[in-house]
Amino acid sequence: MKFSSTLLFMLTPAMVMGLLDQKMKAKGKRYFGTALDAWHLSGSDQSNIKMIAGADFGAITHENSLKWDAVQPQQGNYQFGNADAVVNWATSNNRLLRGHTLVWHSQLPQWVHNINSASQLTQVIQNHINTVMGRYRGRIYAWDVVNEVFEENGTFRNSVFYRLLGENFIDIAFRAARNADPNAKLYINDYNLDGPGPKIDAMIALIGRLRSRGVPIDGVGTQAHLILGQVGGVQSQLQRLAGTGLDVAITELDIRIQTPVTAQKLDQQYSDYQTVTRACLNVPRCVGISVWGISDKHSWVDSTFPSYDAPLLWDDWFNRKNAYWGVDNALN
Ligand SMILES: *[C@@H]1O[C@H](CO)[C@@H](O)[C@H](O)[C@H]1NC(C)=O
């Protein structure tokens with residue numbers, strides 16, 4: 001049995017444990033992924049993070065280090081150190097990468113907010129996309145080309161992009177993106193697309209217009225920053241997004257719990273994660289799910305929603321939560 005003993009020797013502990021991504025692929029999907037940044041890979045929790053990311057996740061999204069303020073804080077001054085660290089880790093560990101994000105009104109440096117000429121802004125968008133996507137050409141599987149363009153009422157957000165260029169800023173961004181890396185999957189991404197209402201209606205209508213104008217777009221990402229007990233609409237809205245003819249992905253999943261966190265709420269979280277995972281499995285165009293981090297200890301929820309907590313699959317001490325087993329159960 002030389003072959004199998006050699007094979008066993010080659011399997012790292014992480015691969016032996018490797019579960020969620022493997023199970024997701026066995027269901028015909030591309031990946032089960034997570035978000036992280038360079039500091040996760042170098043900080044005091046790095047061994048837990050690398051072990052878990054290696055074991056359960058087949059796709060990595062930069063949580064912050066590919067955003068505009070991180071990579072081009074001043075015009076023409078590109079800073080890729082942190083983004084490179086994530087790309088290098090993911091690539092050397094054979095993970096897919098989702099690039100997040102190119103054109104977004106938030107975490108956008110002041111020099112871009114200050115632009116007041118449409119032609120200058122067009123060039124700035126094109127240069128940013130060419131430079132950032134070009135650097136990683138062939139290594140990032142999918143990009144969130146534009147992020148969060150809509151208000152909750154379905155009108156376009158009053159960003160510098162929309163003020164100077166109207167809806168056309170989206171066309172400009174996607175055309176530049178296709179040009180910069182022709183093989184990358186190009187996504188539009190937003191949150192609160194998990195229930196019916198004017199926002200998802202506006203998204204579906206926009207996708208229709210983009211497609212009729214021949215804008216190169218491949219997918220729509222629904223972030224799915226959810227609240228415990230409010231996940232029942234996910235599958236039907238995912239189905240509506242898939243009805244546009246694009247791929248769909250759940251890109252930033254977390255399910256936050258209003259404090260105090262109780263055992264009963266953590267049980268509910270098992271069932272909510274199971275429901276969301278099944279939603280992707282039940283929608284053929286859903287290519288994958290990414291959760292927005294590994295441990296509750298590092299979630300953005302703590303600072304952004306102080307009265308909520310515990311949104312992820314591992315607790316503050318890197319123990320698997322009931323939520324993890326909810327995903328696992330849906331995938332079995
Ligand atoms: C939509 O919402 C935005 C942000 O709250 C607001 O500024 C705008 O006036 C609203 N538009 C309509 C038509 O209600």
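The shown structure was predicted, so the numbers you read here are calculated from the model rather than taken from an experiment.
- Using a 4.5 Å heavy-atom threshold, the side chains of D69 and Q107 count as touching.
- If you look at W89 and H40, their ring centroids are not closer than 6.0 Å.
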Under the criterion side-chain contact (heavy atoms from CB on, under 4.5 Å), I'd like the reasoning laid out for N319 against W314: C-alpha separation, chi angles, the key distance, then a yes or no. CA-CA 5 Å; N319 301 305; W314 280 263; 5.7 Å; no
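- Only one option out of L253, L331, L281, V327 pairs with I289 in a side chain to side chain contact (heavy atoms under 4.5 Å, CB included); it is L253.
- Two residues are said to be in side-chain contact when any heavy atoms from C-beta on lie closer than 4.5 Å; V231 and Y273 fail this criterion.
- The pair R30-D247 fails the salt-bridge criterion, with no side-chain N (NZ, NE, NH1 or NH2) lying under 4.0 Å from an Asp/Glu carboxylate O.
- Residue K29 qualifies as enclosed at atom NZ: its count of foreign heavy atoms under 6.0 Å is above 12.
- Judged as a disulfide bond (SG atoms under 2.5 Å apart), not a single pair has a partner in residues 208-252 (not counting sequence neighbours).
- Evaluation of the side-chain hydrogen bond (donor to acceptor under 3.5 Å, both in side chains) rule for N116 yields no partner, not counting sequence neighbours.
- With respect to the salt-bridge test (charged N to carboxylate O, under 4.0 angstrom), the residues D302 and K297 do not qualify.
- Rounded to the nearest 0.5 Å, atoms CZ (R157) and OG (S106) are 8.0 Å apart.
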Test F156 against L206 for side-chain contact (heavy atoms from CB on, under 4.5 Å), laying out the working first. CA-CA 10 Å; F156 279 103; L206 170 64; 4.1 Å; yes
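- Using a 4.5 Å cut-off between side-chain heavy atoms of Ile, Leu, Val, Met, Phe, Trp and Tyr, with links allowed through other members, V248 and Y141 fall into different hydrophobic clusters.
- Among pairs with a residue in residues 173-200, none fulfils ring pair (Phe, Tyr, Trp, His ring centres under 6.0 Å), at least two apart in sequence or across chains.
- Residues T275 and V234 are not in side-chain contact: their nearest non-hydrogen atoms beyond the backbone lie 4.5 Å or more apart.
- A distance of 11.5 Å separates CG of L186 from CG of L210, quoted to the nearest 0.5 Å.
- Other members of the cluster containing V301 are I227, W292, W300, F305, Y308, with ILVMFWY side chains joined at under 4.5 Å, either directly or via other members.
- Relative to the ring axis of Y136, R139 does not place its NZ or CZ within 45° and under 6.0 Å from the centre.
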Step by step, would you call N64 with H100 a side-chain hydrogen bond (donor to acceptor under 3.5 Å, both in side chains)? CA-CA 8 Å; N64 286 299; H100 178 81; over 6 Å; no
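- Using a 4.0 Å cut-off between charged side-chain N and carboxylate O, R256 and D272 make no salt bridge.
- Annotation: the span from K27 atom NZ to K25 atom NZ amounts to 15.5 Å, rounded to 0.5 Å.
- Looking only at side-chain heavy atoms (C-beta outward), L97 and H62 come within less than 4.5 Å of each other.
- In the displayed structure, Q110 atom CD is contacted under 6.0 Å by more than 12 heavy atoms of other residues, nucleotides or ligands.
- The pair E167-R213 meets the salt-bridge criterion, since a charged nitrogen lies less than 4.0 angstrom from a carboxylate oxygen.
- When the options I60, T61, L66 are evaluated for a side chain to side chain contact (heavy atoms under 4.5 Å, CB included) with I140, the one that passes is L66.
- In this structure, V276 and D194 have side chains that are not in contact, with every pair of non-hydrogen atoms separated by 4.5 Å or more.
- Rounding to the nearest 0.5 angstrom, the gap separating the CG atom in N329 from the OG atom in S271 is 10.0 Å.
- Placement of V215 and W104 in two distinct hydrophobic clusters is found when ILVMFWY residues are connected by side-chain heavy-atom separations under 4.5 Å, directly or transitively.
- Both V149 and I200 belong to a single network of hydrophobic side chains, linked directly or stepwise wherever heavy atoms of I, L, V, M, F, W or Y lie under 4.5 Å apart.
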Take Q79 and N77 through the test side-chain hydrogen bond (donor to acceptor under 3.5 Å, both in side chains) and record every step on the way to the result. CA-CA 7 Å; Q79 301 287 337; N77 169 14; 2.8 Å; yes
Worked check of side-chain contact (heavy atoms from CB on, under 4.5 Å) between R209 and D171: CA-CA 10 Å; R209 296 194 299 279; D171 303 38; over 6 Å; no
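- More than 12 non-hydrogen atoms from other residues, nucleotides or ligands lie less than 6.0 angstrom from CG of N153.
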Derivation and outcome, side-chain hydrogen bond (donor to acceptor under 3.5 Å, both in side chains), residues E148 and Q223: CA-CA 10 Å; E148 301 180 359; Q223 294 180 7; 3.0 Å; yes
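- Checked against side-chain hydrogen bond (donor to acceptor under 3.5 Å, both in side chains), K199 has the following partners two or more places apart in sequence or in another chain: E152, D190.
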Given N189 and T251, is the side-chain hydrogen bond (donor to acceptor under 3.5 Å, both in side chains) satisfied, shown in steps? CA-CA 8 Å; N189 193 51; T251 53; 2.8 Å; yes
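- At least one side-chain heavy atom of M203 sits less than 4.5 Å from a side-chain heavy atom of F150.
- Ring geometry for H298 versus F318: interplanar angle over 60°, hence perpendicular rather than tilted (30 to 60°).
- Rounded to the nearest 0.5 Å, atoms CG (L121) and OG (S159) are 8.5 Å apart.
- Follow the hydrophobic side-chain contacts under 4.5 Å out from F57 and you never reach V287; the two are in separate clusters.
- At least one side-chain heavy atom of K23 sits less than 4.5 Å from a side-chain heavy atom of N332.
- Considering T34, L313, I294 in turn, I294 is the only one that fulfils the side chain to side chain contact (heavy atoms under 4.5 Å, CB included) rule with I52.
- Residues forming a salt bridge (charged side-chain N to carboxylate O under 4.0 Å, His left out) with D254 (at least two apart in sequence, or on another chain): none.
- By the 4.5 Å heavy-atom criterion applied to side chains, L266 and Q269 are counted as neighbours.
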